[in-house]
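Below you'll find the structure, written out as structure tokens, and then a few comments.
Each chain gets a letter, A, B and so on, in the order the sequences are listed, and its residues count up from 1.
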Protein chains: 2
Amino acid sequence: MEQTTSEKILDIAQSLVIAGGYNGFSYADISEAVGIRKASIHHHFPTKAELMQVLVERYTQRARAGLKAIGAHVPDPAGQLRAYLAYWEKCILDASQPFCVCAMLAGEMQMLPAPVALLVQAHFENLAAWLASVLKAGADAGLFRLDKTPEEEADMLMACVHGAMLSARALGNPGLFAAIVGPQLERLKA
Amino acid sequence: MEQTTSEKILDIAQSLVIAGGYNGFSYADISEAVGIRKASIHHHFPTKAELMQVLVERYTQRARAGLKAIGAHVPDPAGQLRAYLAYWEKCILDASQPFCVCAMLAGEMQMLPAPVALLVQAHFENLAAWLASVLKAGADAGLFRLDKTPEEEADMLMACVHGAMLSARALGNPGLFAAIVGPQLERLKA
DNA sequence: ATTGATCTACCTACTAGTAGGAAGACAAAA
DNA sequence: TTTTGTCTTCCTACTAGTAGGTAGATCAAT
């Protein structure tokens, strides 16, 4: 076996969350897609809240690892931002993951089980902090010209990324993501 | 009677959509909030899809009227953008309408009844077109310095606004909206 | 012999939606 | 003026289907 049932369940659940959010899928949907009975999913994840907690934990952990990997493999801050944006551009263009799980769930914040909401918030904080650190490094190196503090610029950039995902989806135009986000990177350059 | 039952239903449904999206509320929720039986809601809106269609139609119509009013009452393009952003800033700060209905629904695009999805898309197009027209007017008057075409700059600004709403919600920080969106207006000024 | 994973079968609560009737408003007809 | 009919709104009572979740059995692997 190369992929456990739990992982299959999480993979399917994640794609369902990306498509329709927390209230947009059911155990029956997962059951059908994975090919096991509903009750068997409860064996792996007793409640939907626990399933979502594990799912978001896994997602945010992977995101942290991904950002760390960019930091390790790409030398300059500009390249790091480009790598981050290129990752999402690819995910959206090939429809493999056309939306951020946490951005999706952020819209439903008020209806989420508290532990899940906390994980979503933590992901936003973590992503903003990473962007801020990259922006600061770039500014210190004289590569970026920042109008505001790195933290404020990071919040602005993160919002643009999530908003670009939303626009691409609303207008059914995957290419729009890059069109919106590309110039944001350009204008940072000193 | 100063507000019809239909309007009450739409008002409640709208606040529920803003809180949790299309799949985040039920006729039972509306019933409880309005104080009439479930079946009576079906009298006014036979199906949920029809309810949502009327709701989004009303929302987008009001939005168009609001943008038109800004154009009529505020003379300069910079002031028009400021008025638009100030409107949302107020809505978010006083929590009267902490999210755009269509931005909320855009996340669930794939699960929406087709007629509703079309209305959501139309609202995005309409808002982007208004922003583009204001940006163009400002650029022609020498008030704004645009790096890209007005249409591209409009897409960027719209994404920032929606992303700022999402960040404010995810981080539980209403003030974040203005912090993100304010500098975007600043940097346009020639 | 026990454990983990799966199954069938089921539960309760809730989903959108329907059938049919009661109460009032209003206007036309007696 | 009263009566009749129609329209609107809301109701109780219901349906079929789905939600998340549980109980208990089977079976293969340890």
Not counting sequence neighbours, list each pair that qualifies as a side chain to side chain donor-acceptor pair (under 3.5 Å) and has a residue in residues 70-87 of chain B.
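Pairs touching residues 70-87 of chain B that pass the test: B:Tyr87-B:Gln97.
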
Please identify each residue that fulfils ring-ring contact (aromatic ring centres under 6.0 Å, His included) with B:Phe99, with sequence neighbours left out.
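ring-ring contact (aromatic ring centres under 6.0 Å, His included) list for B:Phe99, sorted by chain: empty.
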
Do you see a donor-acceptor pair shorter than 3.5 Å between the side chains of B:His123 and B:Thr60?
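No, because no side-chain N or O of B:His123 sits under 3.5 Å from a partner of the opposite role on B:Thr60.
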
Looking just at side-chain N and O atoms, do B:Glu125 and B:Gln121 make a donor-acceptor pair shorter than 3.5 Å?
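Yes, B:Gln121 and B:Glu125 have a side-chain donor paired with an acceptor closer than 3.5 Å.
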
Would you call A:His162 and A:Met165 a side-chain contact if the rule is heavy atoms closer than 4.5 Å?
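Result yes, sub-4.5 Å side-chain heavy-atom pair found.
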
Would you list the protein and nucleotides 25-30 of chain D atom pairs, both N or O, that sit under 3.5 Å from each other?
none

Go through the structure and list residues passing side-chain contact (heavy atoms from CB on, under 4.5 Å) with B:Glu152, not counting sequence neighbours.
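Testing B:Glu152 for side-chain contact (heavy atoms from CB on, under 4.5 Å), a comparison that skips the adjacent residues, returns B:Lys148, B:Thr149.
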
Nucleotide by nucleotide, nucleotides 10-21 of chain D touches protein heavy atoms under 4.0 Å in the pattern (B base, S sugar-phosphate only, - none) SBBB-----SBB

According to the ring-ring contact (aromatic ring centres under 6.0 Å, His included) rule, which pairs have a member within residues 5-32 of chain B, sequence neighbours left out?
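Output for this query lists B:Tyr27-B:His42.
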
